[in-house]
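Nothing here was measured: the structure is a model prediction, and the numbers come from that model. Position 1 is the first residue of the sequence, and the numbers go up from there.
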Amino acid sequence: MGEDISFPVALSYEAERISWQQGDDIAISARECSALMAAEEVPLALVYNGIDYAVMMITPHDVDDFVAGFSFTENVISSFVDLRHIKITAQPDGLRADVRVNAEALRKVLARTRRPIAGRTGCGICGADMESITNRNICDVTGQEPDAGAIHKALENLRSHQVLNKGIGMLHAAAWCLPNGHIVHVREDVGRHNALDKLIGYGLRNQVDFTQGFCFLTSRCSYEMAAKAIAAGMSAVVSLSAPTALAVRTARAAGLVLISPARSTGMYVVSPAP
């Protein structure tokens, strides 16, 4: 497995920087030429055994991890051993992932493939039909609430671990933290669900025990984020922004500890139910 990528993670663009004057009246105090670093996003075509399955918009970094994580959380594969080979190549307008899977995974691909799924950057379930969402099999996990001091420690150190985000300020991160709050793995992407898939993919490829510690998200926790964390067997998820109601219900039904939102001033434990 390997990546062959020629895309940068971010590009600099000329822009005009407008500064507001301080005070009650809204007025421009300065307007000057400047540079803006913009995170790159490219389409990634996922092709399983020669069959077009999905096109996802991603940050072109840690793509192998994304392919493994996406394949697992979307239930194409049941474990990492179902993946035979991943080859990432640059195309004229994006990236292509040629993925070889075993016979059981291929049957799943064939059963679902009516047309390639188009996944936008901000959406984790684009292209899915209603039945595949409402009937999604959510397993049970053994929730374990992290120590409050560990969460605070991770919160204080999370930004310093976002290596790709430095100077850009627009990439989401999914971090895996040990029970003591020490951050050991971080994956970043313009898509919050992509960042989580990358983290889960890394875990699959490196036998990370997702029951010992907690996942920290820099984004909101919506349904698909909770569902992906549960699929990976995580015991707890902490997110900076608030959860959706469906994410809360999903976490409670599965036993996932969900702490959201978590800020420097405090946090909400929304699952399990108080």
Side-chain angles (χ1 to χ4, degrees), residues 62 64-83 86 99 101-102 104-105 108 124-125 128 132-133 135-147 150-151 154 158 172-189 191-239 243-244 246-260 262 269-273:
D62 296 317
D64 275 358
D65 287 341
F66 171 75
V67 172
F70 176 88
S71 300
F72 180 75
T73 62
E74 295 302 318
N75 198 33
V76 174
I77 63 172
S78 299
S79 68
F80 184 63
V81 297
D82 294 345
L83 281 175
I86 300 173
V99 189
V101 295
N102 65 6
E104 180 59 30
K108 295 179 182 178
I125 51 177
S132 67
I133 298 172
N135 293 337
R136 184 167 185 165
N137 183 30
I138 300 294
C139 59
D140 292 333
V141 296
T142 303
Q144 185 173 349
E145 183 176 326
D147 177 75
I151 294 175
L158 184 57
H172 294 294
W176 184 249
C177 311
L178 297 179
N180 64 2
H182 180 61
I183 298 171
V184 288
H185 310 297
V186 176
R187 288 294 180 268
E188 300 172 79
D189 199 278
R192 55 196 169 83
H193 54 90
N194 292 345
L196 181 55
D197 273 338
K198 287 179 177 180
L199 178 66
I200 292 171
Y202 175 85
L204 287 174
R205 299 174 66 195
N206 294 275
Q207 295 80 51
V208 174
D209 185 357
F210 283 135
T211 66
Q212 300 300 311
F214 58 97
C215 178
F216 211 131
L217 305 173
T218 60
S219 63
R220 71 182 185 275
C221 185
S222 50
Y223 160 75
E224 78 278 5
M225 303 295 277
K228 288 176 184 291
I230 293 165
M234 293 181 178
S235 59
V237 169
V238 181
S239 69
T244 64
L246 182 54
V248 174
R249 294 195 299 272
T250 301
R252 288 182 175 182
L256 174 72
V257 172
L258 179 57
I259 298 175
S260 176
V269 181
V270 295
S271 175

Can you tell me how far CD of Gln207 sits from OH of Tyr202, rounded to the nearest 0.5 angstrom?
-> 10.0 Å
Could you check if a side-chain atom of Phe216 sits within less than 4.5 angstrom of a side-chain atom of Ile183, using non-hydrogen atoms only?
-> no
Could you give the distance from CZ (Phe70) to CD1 (Ile200), rounded to the nearest 0.5 Å?
-> 12.0 Å
Inter-residue atom distance Thr73.OG1 - Glu224.CD, 0.5 Å rounding = 10.0 Å
Between Leu217 and Val238, is a side chain to side chain contact (heavy atoms under 4.5 Å, CB included) present by the stated rule, with each step listed?
-> CA-CA 6 Å; Leu217 305 173; Val238 181; over 6 Å; no
Could you check if a side-chain atom of Arg187 sits within less than 4.5 angstrom of a side-chain atom of Phe66, using non-hydrogen atoms only?
-> no
Where is the tightest heavy-atom contact between Ala231 and Cys139, given as atom of each residue plus distance?
-> CA-SG, 4.5 Å
What are the two closest non-hydrogen atoms of Ala226 and Cys221, and how far apart are they?
-> N-SG, 4.1 Å
Scan the side chains in residues 208-215 for donor-acceptor partners under 3.5 Å anywhere in the protein, sequence neighbours excluded, and list what turns up.
unit_1 : atom_1 : unit_2 : atom_2 : d
Asp209 : OD1    : Thr211 : N      : 3.0
Asp209 : OD1    : Thr211 : OG1    : 2.6
Asp209 : OD2    : Thr211 : OG1    : 3.3

Side-chain atoms of residues 250-257: list all donor-acceptor pairs with protein atoms under 3.5 Å, sequence neighbours left out, distances to 0.1 Å.
unit_1 : atom_1 : unit_2 : atom_2 : d
Thr250 : OG1    : Leu246 : O      : 2.7
Arg252 : NE     : Val270 : O      : 2.7
Arg252 : NH2    : Val270 : O      : 2.8

Minimum side-chain heavy-atom gap Glu104-Asp82 below 4.5 Å | no
Under 4.5 Å between any side-chain heavy atoms of Ser219 and Met225, yes or no?
-> yes
Straight-line distance of Ile77 CD1 to Leu204 CG, nearest 0.5 Å | 6.0 Å
Heavy-atom check, side chain of His185 versus side chain of Leu199, under 4.5 Å | yes
Nearest-0.5 Å distance that lies between atom NZ in Lys228 and atom OG in Ser222 | 10.0 Å
Only counting residues at least two apart or in another chain, list the ones meeting salt bridge (charged side-chain N to carboxylate O under 4.0 Å, His left out) with Glu145.
-> none
When every non-hydrogen atom of Cys177 is compared with those of Ala154, the smallest separation belongs to SG-CB, 3.9 Å
Any chance you could measure Ile151, atom CD1, to Leu158, atom CG, to the nearest 0.5 Å?
-> 12.5 Å
side-chain hydrogen bond (donor to acceptor under 3.5 Å, both in side chains) between Ser71 and Lys108, intermediate numbers included | CA-CA 11 Å; Ser71 300; Lys108 295 179 182 178; over 6 Å; no
Do you know which two heavy atoms are closest between Thr218 and Ala173, and how far apart they sit?
-> OG1-N, 2.8 Å
So, for Ala229 and Leu196, which heavy atoms are closest and what is the spacing to 0.1 Å?
-> N-CD2, 4.3 Å
